[in-house]
Amino acid sequence: MDLENKIRSIHSLLQNKKFLPAKEALDKLLNKIPNNSYLQNLRGLTSQYLDDYKSAINFFNKALKYDEKNTAAMNNLANSHKRLLNYVEAEKLYKRILSIDHNHVHALNNYANLKIEINDYKDAIPLLEKAILISSQRNIKPLDIMLSLASVYQSIDKVEKVKEILDEVFLVKPKLAQAHKMLSEVTKYSSENSQSLSHVDQMKDILEDQDEHDKAILSFALGKSLEDLKKHDDSFDYLQLANDLKKKTINSNLKEEISIFQDLIKKFENIEFKKINKAPELKKIIFVCGMPRSGTTLVEQILSSHPKVYGAGELLYLQDTIKNNFLEDNKINKQKIIDLKNSSSGKIFLEYLNFFEIYNLSESVIIDKTPQNFKWLGFIKIFFPGSKIVICQRNPKDNCVSLFKNNFASSMMNWAFDQEEIAEYYNEYYKLVSFWKDKIPKDIYELNYERLIEDDKVEIDKLLEFCDLDLNEKCYNFTKFSKTPIKTVSVSQANKPIYRDSINSFDPYQNHLQKMLKKLSII
């Protein structure tokens, strides 16, 4: 078989997600012709598909060694650095590509995605618009990029812009599930609004034309729209279908999560927190955490309205640092914690601040609003001793039904598509948070979501006081002054003023959620 046919065969393996056979075939070829830039790039892509980004970087660098203007390899190298949160290096590479080819659509799109990750929507929008324009000039409608641009406008609450873009998308692909889902998120369905009712009928009509993945997406959208219309029984039917379909495409991670929770309690039980070496506090960090859907986004929006505060959104950095340094086979290495705890280097804290280099922040306080950071409060206390920890607590039933109603993209949330698994996760979450509250009671502020909704002025005052922030009127009018775009499933709610609809949201579904209710030990 000649080289061209061998490459064609490898592409076929990659398209069919047979990554290990593709890796073996490429390794054999590269043993014979190591100086082939195209093959080195392809081998790097194979490592990317296998989530081995450090290996991928090695191959992409080799590809550039043999062809320094291989912009495909350069783009893939930048993407690998971006995935490893090496944002500065990734940005340099995207700029380098665009200096060679300023119409490189993939680089424009990927650079825009980097800008979105660091909340720089001002620069992301023109990059996406240029990518769309160039594609259109080539008679291509880049629906994925158009949806990215619509999502950006959704995050900054420009609803009419979202609808304009979605109208263009529907002209090309009227049955695109993701576009209908986004439209459902920016629409308040009402029996008085014939256009919104028409959209419900349209989604029902195209449901059977979807594959299982897209049928799940569309079913979540129908669940939301029918809830708006107070048709809770019909809403539940679609939500149940959505969750059942989602479970078919993922592997639950509930057992792994519970194992980590239990190991954290075991390993931190006898760790002493009183004597901790403090690193220089160049910036103050506020960690806002809790169960997903417990009000963390709302709290971040309130705090990030303060002139001294920057809301960074949900960050992977802390979790990745802990996994890379302290986890072995999903078990905590206690000795490594003790060794670094007794060090005066402040290594973890300083690396964390370096991560923000690309942000060019003027604010002195940073919010890390990653709900699952509730797992790592012992690490936060040791390595970020001057930080503030806010845990959001919400009525368990309302919290759990909200999880059931949403489609989470992150594999960390693979437990969130089953009534009993959601309840079991909540039970274990509660045990772990109770453990942290006993260990470091003075370092944790527990914010009650319902009390915040009932008396926002009083609760915001108490929150600001705990965070050592002076009272500021902007925090009470956060929808006008928040500087943080919303990228999570909370986007349709958290861009709005505080409202009461989310309280007792479990009640209309309680007859359908008895499995969840029976499993919940904290109600």
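Since we're looking at a predicted model, the values are computed, not measured. Residue numbers run from 1 in the order of the sequence given. The basis for the numbers below is simple: all heavy atoms, side chains too, and nothing from hydrogens, waters or symmetry mates.
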Can you see which heavy atom on [X] is nearest to which on [Y], and at what distance?
X: Ser259; Y: Lys331; answer: OG-NZ, 3.7 Å
X: Leu128; Y: Ile116; answer: CD1-CD1, 4.3 Å
X: Lys6; Y: Leu29; answer: CD-CD2, 3.7 Å
X: Val288; Y: Cys392; answer: CG1-SG, 4.1 Å
X: Ala78; Y: Ala90; answer: O-CB, 3.5 Å
X: Leu39; Y: Asn36; answer: N-OD1, 2.9 Å

[X] bridged to [Y] by N-O distance under 4.0 Å:
X: Lys115; Y: Glu91; answer: yes
X: Glu257; Y: Lys375; answer: yes
X: Glu212; Y: Lys215; answer: no
X: Lys336; Y: Glu328; answer: yes
X: Lys28; Y: Glu24; answer: no

[X] and [Y]: aromatic ring centres closer than 6.0 Å?
X: His104; Y: Tyr94; result: no
X: Tyr352; Y: Phe349; result: no
X: Phe379; Y: Phe326; result: yes
X: Tyr49; Y: Phe19; result: yes

- [ ] Show your reasoning for whether side chain to side chain contact (heavy atoms under 4.5 Å, CB included) applies to Ile100 and Ile97.
- [x] CA-CA 5 Å; Ile100 297 169; Ile97 297 165; 5.8 Å; no

Reported [atom1]-to-[atom2] distance for the pair [X] and [Y], which is rounded to 0.5 angstrom:
X: Asn109; Y: His106; atom1: CG; atom2: NE2; value: 8.5 Å
X: Leu239; Y: Asn406; atom1: CG; atom2: CG; value: 9.0 Å
X: Leu183; Y: Gln178; atom1: CG; atom2: CD; value: 12.0 Å

Determine whether more than 12 heavy atoms belonging to other residues, nucleotides or ligands lie under 6.0 Å from atom [atom1] of [X].
X: Gln335; atom1: CD; result: yes
X: Glu351; atom1: CD; result: yes
X: Asn324; atom1: CG; result: yes
X: Lys175; atom1: NZ; result: no
X: Lys158; atom1: NZ; result: no
X: His11; atom1: NE2; result: yes

Open item on the list: Checking ring pair (Phe, Tyr, Trp, His ring centres under 6.0 Å) between Phe374 and each of Phe261, Tyr426, Phe287, which is the one that passes?
Closed with: Phe261

I want to check something: taking the side chain as every heavy atom from C-beta on, are [X] and [Y] in contact at a cut-off of under 4.5 Å?
X: Ile358; Y: Leu114; value: yes
X: Leu176; Y: Asp214; value: no
X: Tyr153; Y: Tyr121; value: no
X: Ile260; Y: Glu256; value: no
X: Lys405; Y: Lys224; value: no
X: Phe59; Y: Leu26; value: no
X: Gln202; Y: His180; value: yes
X: Tyr310; Y: Ser304; value: no

Task: Under 3.5 Å: donor-acceptor pair, side chain of Ser387, backbone of Phe384 - done: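 Flag set: sc Ser387 to bb Phe384 pair under 3.5 Å.
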
- [ ] Please report the C-alpha distance between Phe220 and Tyr238 in whole Å, then the side-chain angles of each, then the deciding distance to 0.1 Å, and finally whether the ring-ring contact (aromatic ring centres under 6.0 Å, His included) criterion is met.
- [x] CA-CA 7 Å; Phe220 276 114; Tyr238 282 107; over 10 Å; no

Open item on the list: Set out, in order, the CA-CA distance, both residues' side-chain angles and the distance that settles side chain to side chain contact (heavy atoms under 4.5 Å, CB included) for Leu403 and Met413, then state yes or no.
Closed with: CA-CA 10 Å; Leu403 289 161; Met413 299 291 294; 3.9 Å; yes

- [ ] Apply the test side chain to side chain donor-acceptor pair (under 3.5 Å) to residues Gln154 and Glu185: give CA-CA distance (whole Å), side-chain angles for both, the deciding distance (0.1 Å), then the verdict.
- [x] CA-CA 9 Å; Gln154 183 185 13; Glu185 291 166 351; 3.0 Å; yes

TODO: Give me the ring orientation class for Phe268 and Trp436: parallel if the planes are under 30° apart, tilted from 30 to 60°, perpendicular past 60°.
DONE: perpendicular

TODO: Establish, for the pair Lys247 and Phe417, whether the NZ or CZ atom is under 6.0 angstrom from the six-membered ring centre and no further than 45 degrees off its axis.
DONE: no

Task: side chain to side chain donor-acceptor pair (under 3.5 Å) evaluation trace for Asn330 with Asp263 - done: CA-CA 9 Å; Asn330 262 6; Asp263 193 50; over 6 Å; no

- [ ] Let me see the working for Asn110 and Asn75 under side chain to side chain donor-acceptor pair (under 3.5 Å), right down to the final yes or no.
- [x] CA-CA 8 Å; Asn110 292 325; Asn75 184 58; 3.0 Å; yes

